[in-house]
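To start, the structure itself, in structure tokens.
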Amino acid sequence: MKIRNRFNAEVRAAVGSALAELGWQDEEFQTEASDMADLAVPCFAMAKTRRLPPKEIAARIADKVTVGGTVAAVEAVNGYLNFTIDPAMLVESTLTEIVERGDDYGSLPAKGIKINVEHTSTNPTGPIHVGRARNPIIGDTLSRCLARCGYEVETEYYVNDVGKQVVILTWGIDNIPDGEVERKEERDKPDHRLVANYRHANRMMEEDEDVRERISEMLRRFEAGDAEVIGSVRRTTELMLDGLKETLSEINVVLDRYTWESDFIADGSARDVVERLKTSEYAGQADDGAWYLDLESFGIRGKNTKFTFTRSDGTTLYTTRDLAYHLDKFRRADEAVNVLGEDQKLGSKQLCSALQILGSEKMPDPMFYSFVSLPEGKMSTRRGVVVYLDDLIDEAVSRAYDEIRKRRSDLPEERMRGIARQIGIGAIRYNIVRVSPDKQLVFRWEDALNFDGNSGPYLQYVHARACSMLRKAGEYNHDCDPGMLTDEYEIRLVRALAGFEEALYRAGEQRKVNTIPAYGHEVASAFNQFYAAVPVLAAGENRDARLTLVECTRTVLKNVLDCLGMEAPEEM
RNA sequence: GGGCUUGUGGGGUAGUGGAUAUCCUUUCGGCCUUCGGAGCCGAACACCCGGGUUCGAAUCCCGGCAAGCCCUCCA
């Protein structure tokens, strides 16, 4: 990517000296990305001080600009200066770099910064549903992009093994005889088996006063630190988590670390937070003894600006333990990103205020996503109105299998199944991550299973196509000679390949993971156009250079797919 | 009641001060004597409404309208 940086610098220098020549050296100017040029300079701001029409300004500057180096041309259009990068230099520099760096192309050198990405952290009371699936997919994609941006990344799941919900679950497992649990056709997987107990226990609690009392008693023992109850809750949570991990690994999400909420009670750090907060000037105590912080001066608005951090009996709350957790996290990492549902927005703001009060110099950087709903409304585990991620995976894989069978009867059964899995899962991940996280998403089967156009399989298809050509080509020599790649489709494809580093920057540093699928589609589409327009295997003297371009496209697509947590099948 | 977020062709979506508004899907028309048609080419169709700021607004400000989320001694 040295070429683009050099080009940007040379454009600035060229405009600067042109302005000097006109006696306008005081003028400020900016450069911007553009569809019409490799780099553009708008001249509207100068129109005011120079008292000339922008078109005239642009024309006069263009007249004085001397092209050279990476700058091939300048043109004044509609009050803009449009600069063109030297295509030969772009081709040679980009292809040489991709060939040399391979899988590493686009990555930045290590920054020496440890960044922690907390994601998923769903309540371990049932299987992951499609609504929540946005979390691991966004979190994992971000983590992969950050790693390529040079960060040392650790991913982490915060396990909520404390509180009413997990106690209800545990009670339901320990007290409802297996035969009595009302079951649908659940798959043989711990999270699916156990959620039936959870639902059943919830229903019993609603209908039966005695059950309600027994669960309350269990909760009281839990909060009093009863080792037996805490231990049994921990065990059911672990069981449930095994099921969740299995699903996550199906979609290529593997987390580095699991941190248990109950540990912050056990090691006394949550208590510690309470004691420190009590001494703060924002702290107050309700008549019945509950402690709170008044966060009105921190910009918290609404009916209630109070942030309660102990119950009236002095026990800690979720938010208190979350504070202890964040202090712990900051001891292990330089930066922390939290991928959270939009319902956590206020809580996250309160958390940050409390951290500020505690004197923490680090703050988590939250990334929120809107919930996915069904056309018929909100998803709910308790009501059973859900599409489980496991079911979506099965459906997508089976659709992919049908497609592959239609066109590749030559492949052995086992191979078809393997590829179907890669494609089905790719379709899911791509489809979920392609939409900006703050946009609400309505889950529709026909979108989730889309294999055409702006889809995961489209990217994978182009990768497979490139692989197929390289297979057929046999031996060839790398050739990055720009004289051999002068077709407009070739140049356009190279321009797309050269944009990878910038795409990673947007996705990682600017936290816009949804731009990676768009970038991948741009590359894939440029390749398909090149493919339709330019012969490769029968290309005569251009053959080596074109094969090199195909190989470079394949490399970039493979890297993009890796960022998206998708497989790069060599045939499909 | 208050706060946060979103509103772009028929459906979905990119774009946070700049040019002729991106891409997918859909519909219609074309492309299989070329290396994989999960493809390519062409056409149609859009910035929620009303004010304001600015040389210039999809983008910023104010006021509406609509959708989602939040305002637990829940997690």
Side-chain angles (χ1 to χ4, degrees), chain A residues 30 32 34-37 40 42-45 47-48 53-54 77-80 82 121 123 125 160 162-166 261 286 288-292 299-306 308-315 317-319 321-322 341-347 349-350 368 370-371 373 378 400 403-404 406-408 423 427 434-442 444 446-447 450-462 464-473 512 514-515 517-518 521-522 524-525 527-529 531-539 546-547 550 571-572:
Chain A
Q30 35 177 300
E32 60 184 41
S34 161
D35 293 333
M36 345 272 283
C43 300
F44 303 93
K48 215 176 192 175
V77 189
N78 292 334
Y80 285 85
N82 283 340
S121 305
N123 273 334
T125 49
N160 306 124
V162 178
K164 199 171 177 179
Q165 294 185 64
V166 281
E261 184 180 345
D288 56 10
W291 284 86
Y292 61 84
I300 310 281
R301 294 280 132 72
K303 288 186 212 159
N304 185 9
T305 58
K306 290 187 172 64
T308 306
F309 64 91
T310 75
R311 292 196 181 87
S312 51
D313 64 5
T315 54
L317 292 163
Y318 171 80
T319 34
R321 300 180 296 262
D322 206 15
E342 62 175 338
D343 56 333
Q344 308 284 315
K345 278 187 183 178
L346 177 64
K349 211 165 151 191
Q350 289 170 329
F368 300 103
S370 253
F371 289 120
S373 58
K378 229 172 123 171
E403 293 295 319
I404 219 172
K406 258 191 252 168
R407 45 200 111 195
R408 293 300 300 273
I423 290 166
R434 58 173 248 272
V435 182
S436 169
D438 46 29
K439 223 136 188 165
Q440 56 201 83
L441 210 110
V442 178
R444 291 193 179 85
E446 68 259 38
D447 296 336
N450 173 35
F451 289 4
D452 304 320
N454 188 9
S455 73
Y458 179 91
L459 255 59
Q460 290 171 318
Y461 177 70
V462 169
R465 220 179 198 187
C467 288
S468 161
M469 292 171 87
L470 296 170
R471 253 192 324 268
K472 289 210 167 84
K512 295 189 165 192
N514 58 304
T515 59
H521 185 263
E522 185 190 324
S525 172
F527 180 84
N528 273 336
Q529 289 168 33
Y531 176 89
V534 183
V536 174
L537 296 180
R546 288 185 181 159
L547 280 165
V550 172
E571 56 180 349
M572 62 188 267

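Chain letters run A, B, ... following the sequence lines, proteins first, then strands; residues in each count from 1.
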Taking for A:Asn514 and for A:Lys345 the nucleotide of RNA chain B with the nearest heavy atom, the one nearer the 5' end belongs to A:Lys345

Whichever of A:Ser455 and A:Ala524 has its nearest RNA chain B nucleotide further upstream toward 5':
A:Ser455

Under-3.5 Å donor-acceptor pair between [X] side chain and [N] base:
X        : N     : answer
A:Ser34  : B:A19 : yes
A:Asp35  : B:A19 : no
A:Ser370 : B:C69 : no
A:Asp452 : B:C24 : no

Between [X] ([atom1]) and [N] ([atom2]), how many Å, whole number?
X        : N     : atom1 : atom2 : answer
A:Arg311 : B:U72 : CZ    : P     : 15 Å
A:Asp438 : B:U5  : CG    : C1'   : 7 Å
A:Gln344 : B:C70 : CD    : P     : 10 Å
A:Gln440 : B:C70 : CD    : P     : 13 Å
A:Lys472 : B:G36 : NZ    : C1'   : 7 Å
A:Phe44  : B:U54 : CZ    : C1'   : 13 Å
A:Arg301 : B:C70 : CZ    : P     : 21 Å

For [X], answer base if it contacts any base atom (sugar-phosphate contacts may also be present), sugar-phosphate if it contacts only those atoms, and nothing otherwise; contact means non-hydrogen atoms under 4.0 Å.
X        : value
A:Glu571 : base
A:Glu261 : sugar-phosphate
A:Ile423 : base
A:Val77  : base
A:Tyr531 : base
A:Ala473 : nothing

Quick one: is [N] close enough that its OP1 or OP2 comes under 4.0 Å of any side-chain N or O from [X]?
X        : N     : value
A:Tyr458 : B:G36 : no
A:Gln529 : B:C41 : yes
A:Arg434 : B:U25 : no
A:Ser468 : B:G36 : yes
A:Tyr318 : B:U72 : no
A:Asn82  : B:A19 : no
A:Tyr461 : B:A38 : yes
A:Lys378 : B:C69 : yes
A:Asn528 : B:G39 : no
A:Lys349 : B:C71 : no

Main chain of A:Phe371, side chain of A:Lys378: is a donor-acceptor contact present, judged purely on distance under 3.5 Å?
no

Say whether, by atom type as modelled, one donor and one acceptor occur between the side chain of A:Arg434 and the main chain of A:Ser455 under 3.5 angstrom.
no

Name the pairing partner of B:C69, where a pair is Watson-Crick or G-U wobble with both distances under 3.5 Å, or state none.
B:G3

